[in-house]
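Encoded as structure tokens, the structure appears first; notes follow it.
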Amino acid sequence: MNIKELIRQNLKNLYASAIPKSLIKIQKTKKEFKGDLTLIVFHLLKISKKNPEQTSKEIGDFLLKNQSIIIKYNAIKGFLNLTFAQKYWIDILNNIHKIDNYGIKNPLISNPLIIVEYSSPNTNKPLHLGHVRNILLGHSISEILKATGNRVIKTNIVNDRGIHICKSMLSWEKWGNGETPNSSKKKGDHLVGNYYTKFNNEYKKEILATKTKGLTQKEAEEKSSLMLEAREMLRKWENKDPKTIHIWETMNNWVYAGFEETYKTLGINFDKIYYESQTYTEGRKHILKGFENGIFYKKNDGSIWANLSHDGFDDKLLLRSDNTSVYITQDIGTAKLRFDDYSFNKMIYVVGNEQNHHFHVLSLLLNKLGFDFSKNLVHFSYGMVELPDGKMKSREGTIVDADDLINEMIQNAKKKSDELGKLKEYANKKNELYKIIGLGALKYFILKIDPHKNIVFNPKESIDFNGNTGAFIQYTYVRIQSILRKSNTEILNTKCVLKNIQIDEKEKNIIQLLSNFPEIIQEAADYLNPSIIANYTYDLAKEYNQFYNNHTILREKIDMIRIFRLVLSYNTGKVIKAGFKLLGIDVPEKM
RNA sequence: GCCUCUAUAGUUCAAUGGAUAGAACGAAAGUUUCCUAAACUUUAAAUCCGGGUUCAACUCCCGGUGGAGGUACCA
């Protein structure tokens with residue numbers, strides 16, 4: 001029984017009435033006061049019908065009398081500070097020690113099925129830092145939801161059609177001379193991205209040239225032959241022109257190979273990938289049906305709209321006057337197809353907060369179309385990644401490329417390790433280590449920040465390896481493993497051997513943290529917030545480092561207190577590793 | 001204009017309505033016969049402004065100010 005429940009039972013006996021869980025507030029006792037845990041009694045005054053001091057004293061006396069694990073108390077105003085017997089702490093540690101997958105629940109077939117959509121790239125250019133945040137958040141919350149017992153399907157919608165990809169195709173056709181990833185040894189997504197950039201540059205030149213002939217910006221844009229050719233290509237694609245389809249398939253496959261490489265480096269994957277080219281007609285079908293049923297209306301130019309004035313929004317375009325789909329039309333189709341495929345209980349879209357409005361409207365429209373699942377859509381909305389001088393803009397070339405960033409992190413890890421003369425034991429596996437450390441730093445840097453806040457990323461100040469960083473936590477784990485290797489590991493197999501030893505404040509703090517782990521995971525799942533776990537693992541590592549610095553853990557002679565310290569170390573390592581797994585970060589065994 | 005998010009040490013981040021707001025980086029000073037010094041110990045340093053609710057407010061409410069995003073044929 002956990003401590004909250006235990007106190008609740010006692011209060012029930014004391015006051016002869018049921019006590020709601022929400023009234024039991026427990027926190028770690030502040031270090032200025034004597035005690036281990038503090039019960040906040042203000043919330044209980046209604047039940048005790050006495051003042052804070054009297055209530056604290058009354059509860060303290062009752063607990064002292066009826067619970068042998070509570071050995072002392074002191075009451076200061078409405079704060080009841082309780083001191084627990086050593087046995088209480090030892091028992092907690094013993095219990096944690098017994099469980100292999102401590103804190104992690106197994107998904108059951110009867111538990112909710114949750115679809116998590118993330119990454120969602122366009123196929124005309126490589127992934128950038130914004131995608132990295134998206135991917136890390138999406139992967140992490142998937143893992144967290146799994147660990148709390150949900151069944152999770154990780155999915156991705158690839159925007160593989162539209163004018164943007166036609167621009168790359170046209171550009172490659174005009175200026176590519178048959179370049180392929182093989183011929184030029186370029187990563188496929190970068191190669192295609194280069195042609196997209198080339199298109200935009202040529203387009204700009206063309207506009208500039210026509211403007212000098214006295215046309216306005218808008219006239220110049222309308223007359224652009226490049227843009228007309230791109231539009232023509234889109235029409236050909238929609239009419240399934242074989243040659244166009246062939247180029248499209250070829251170039252998209254280059255991009256997919258490139259993306260796959262980046263995903264693999266990041267250590268993430270998907271259970272099911274949807275392609276917009278396969279889902280976009282589905283949405284149109286539902287819109288037209290909605291129009292026939294009088295849910296939507298048509299304007300004179302033939303475009304179809306939803307009236308959202310009763311919902312407090314402006315009207316929303318659903319099909320253009322030329323009958324082509326817009327973004328939201330496609331999302332309606334994709335959502336429906338996914339429900340057909342999985343009958344999900346919940347679908348979580350990991351998409352930036354710039355699309356809050358879009359997802360609000362998407363739920364409304366699905367509801368209007370009569371899809372019950374509309375109320376089970378969740379937009380996991382996270383903040384933008386900005387650079388010191390503002391937003392990343394592809395047009396201005398201020399995009400931080402994902403592959404470049406990852407490589408830079410790995411190089412930094414190498415540089416730093418070599419400087420410090422680390423990784424000696426690793427010899428032939430060094431590159432693997434640099435990768436774990438470099439990626440760990442990047443992932444932790446991003447995930448430790450509350451998702452709905454914007455991140456300012458300064459590429460010049462590369463991400464650190466000291467302080468509140470992934471490397472610090474990895475390092476703590478590695479030290480623990482080192483201690484365990486050098487100790488008699490059979491000790492760790494002795495379950496429940498610990499009793500009646502003196503443990504100090506630091507040790508209690510660590511045990512308290514360890515005992516919180518399951519609650520922390522649940523909290524991260526409830527709030528869809530990996531940063532809760534990131535900050536928790538840091539606290540644990542920090543606490544352990546302080547403990548480690550003040551205690552001798554290894555000596556030739558093994559006694560009870562050292563067994564205790566080894567068990568404590570072992571379980572700290574276990575929880576750090578489990579926590580990092582939920583964040584999608586690897587831990588090395590040595591470094 | 002309207003809507004949403006956001007504001008904490010010089011900087012980057014924490015803080016289920018609870019006690020004297022925690023860390024890290026940077027700055028100043030220290031700790032290696034000992035299990036990995038990518039560590040540890042000190043010191044200085046912060047809740048945007050004005051009201052309100054509460055025994056108790058960084059946290060909730062109202063009004064300002066600064067920043068970001070959105071707001072009908074981009075995705």
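Residue numbers start from 1 in every chain, and the chains themselves are labelled A, B, ... in the order their sequence lines are given, proteins ahead of strands.
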Exercise for review: Would you classify A/Asp539 as touching base, sugar-phosphate or nothing, given that sugar-phosphate means primed atoms plus P, OP1 and OP2, and contacts are heavy atoms under 4.0 Å?
Suggested key: nothing

Check your understanding: Side-chain N or O of A/Asn458 less than 4.0 angstrom from OP1 or OP2 on B/U12?
Key -> no

Review point. So, A/Phe472 versus A/Tyr475, ring centres under 6.0 angstrom or not?
Key: no

Check your understanding: Heavy atoms under 4.0 Å, any strand shown: does A/Lys25 hit a base, just sugar-phosphate, or nothing?
Key -> base

Exercise for review: Let me see the working for A/Tyr434 and A/Asp418 under side chain to side chain donor-acceptor pair (under 3.5 Å), right down to the final yes or no.
Suggested key: CA-CA 10 Å; A/Tyr434 299 142; A/Asp418 292 348; 3.1 Å; yes

Point to revise | Sugar-phosphate only, base, or nothing, as touched by A/Asn81 at under 4.0 Å among non-hydrogen atoms | key: base

Practice item. Measure from the side-chain heavy atoms of A/Lys542 and tell me the nearest of B/A38, B/A72, B/U41. Key: B/U41

Check your understanding: How would you label the contact of A/Glu276 with the nucleic acid (heavy atoms, under 4.0 Å): base, sugar-phosphate, or nothing?
Key -> sugar-phosphate

Point to revise | Residue whose closest nucleotide on RNA chain B lies nearer the 5' end, A/His551 versus A/Tyr297 | key: A/His551

Exercise for review: Report yes if at least one side-chain N or O of A/His358 is closer than 4.0 Å to OP1 or OP2 of B/G70; otherwise report no.
Suggested key: no

Check your understanding: Between A/Asn550 and A/Gln546, does a side chain to side chain donor-acceptor pair (under 3.5 Å) hold up when you go through it step by step?
Key -> CA-CA 7 Å; A/Asn550 293 328; A/Gln546 291 170 1; over 6 Å; no

**Study point:** Residue A/Arg479, side-chain atoms from C-beta onward, closest of B/A24, B/A39, B/A19
**Key:** B/A39

Exercise for review: Could you check whether A/Ser321 gets within reach of a base, just the sugar-phosphate, or nothing at all, counting any heavy atom under 4.0 Å?
Suggested key: base

Review point. Which nucleotide in the list B/G18, B/C40, B/U36 gets nearest to the side chain of A/Lys590?
Key: B/U36

Revision key, fill the gap. Those residues at least two apart in sequence (or on a different chain) that pass side-chain hydrogen bond (donor to acceptor under 3.5 Å, both in side chains) with A/Tyr274 are A/Asp341

Practice item. May I ask you to decide whether A/Asp311 forms a salt bridge with A/Lys368, counting only side-chain N to carboxylate O separations under 4.0 Å? Key: yes

**Study point:** Touch class at under 4.0 angstrom, heavy-atom based, for A/Asn356 against every strand present
**Key:** sugar-phosphate

Revision key, fill the gap. From the candidates B/A14, B/A75, B/A39, the one with an atom nearest any side-chain atom of A/Val326 is B/A75

Check your understanding: Hey, are A/Glu238 and A/Arg235 close enough for a salt bridge, meaning a charged N less than 4.0 Å from a carboxylate O?
Key -> no

Practice item. Report the base-pairing partner of B/G17 (Watson-Crick or G-U wobble, both distances below 3.5 angstrom), or none. Key: none

Check your understanding: For B/C5, which nucleotide is its Watson-Crick or G-U wobble mate, given both distances must be under 3.5 Å?
Key -> B/G67

Revision key, fill the gap. Side-chain contact check for A/Ile449: nearest option of B/C73, B/A14, B/U16 is B/A14

Study note, to complete from the structure: Side-chain atoms of A/Ile553 come closest, of B/C35, B/A39, B/C73, to B/C35

Practice item. Salt-bridge test for A/Glu432 and A/Lys435: reply yes if a basic N is under 4.0 Å from a carboxylate O, no otherwise. Key: no

Revision key, fill the gap. Winner on side-chain proximity to A/His43, out of B/U36, B/A75, B/G18, is B/G18

Point to revise | Mate of B/C40 where both pairing distances stay under 3.5 Å, Watson-Crick or G-U | key: B/G30

Review point. Is A/Phe313 stacked on the base of B/U71, meaning ring centres closer than 5.5 Å and planes within 30 degrees of each other?
Key: no

Point to revise | No-H, no-angle donor-acceptor pair, A/Gln27 side chain to B/A19 base, under 3.5 Å | key: yes

Check your understanding: Of all the nucleotides listed (B/G70, B/C13, B/A39), which has the minimum atom distance to the side chain of A/Asn549?
Key -> B/A39

Exercise for review: Determine the contact category for A/Arg320: base if any of its heavy atoms lies under 4.0 Å from a base atom, sugar-phosphate if only primed atoms, P, OP1 or OP2 are that close, otherwise nothing.
Suggested key: base

**Study point:** Donor-acceptor pair (no angle test) under 3.5 Å: A/Asp301 side chain, B/C73 base
**Key:** yes

Point to revise | Per A/Phe42 side chain, nearest of listed nucleotides B/A19, B/A72, B/G18 | key: B/G18

Point to revise | is_close_aromatic(A/His131, A/His128), centroid dist under 6.0 Å | key: yes

Exercise for review: Indicate, with a heavy-atom threshold strictly under 4.0 Å, whether A/Gln355 touches base, sugar-phosphate, or nothing.
Suggested key: base

**Study point:** Aromatic stack A/Tyr548/B/A39: centroid gap under 5.5 Å, interplanar angle under 30°
**Key:** no

Point to revise | Residue met sooner reading RNA chain B from 5', once A/Gln546 and A/Asp314 are mapped to nucleotides | key: A/Gln546

**Study point:** Closest nucleotide among B/A72, B/A19, B/C40 to the A/Leu317 side chain
**Key:** B/A72

Review point. Using centres under 5.5 Å plus planes under 30 degrees as the test, is A/Tyr475 stacked with B/A39?
Key: no

Check your understanding: Taking OP1 and OP2 of B/U36, is either one under 4.0 Å from a side-chain nitrogen or oxygen of A/Lys486?
Key -> yes

Practice item. State, yes or no, whether a side-chain contact exists between A/Ser303 and A/Leu317 at a heavy-atom distance under 4.5 Å. Key: yes

Check your understanding: Looking at residues 29-38 of chain A, who's got a heavy atom less than 4.0 Å off RNA chain B?
Key -> A/Lys30, A/Glu32, A/Phe33, A/Thr38

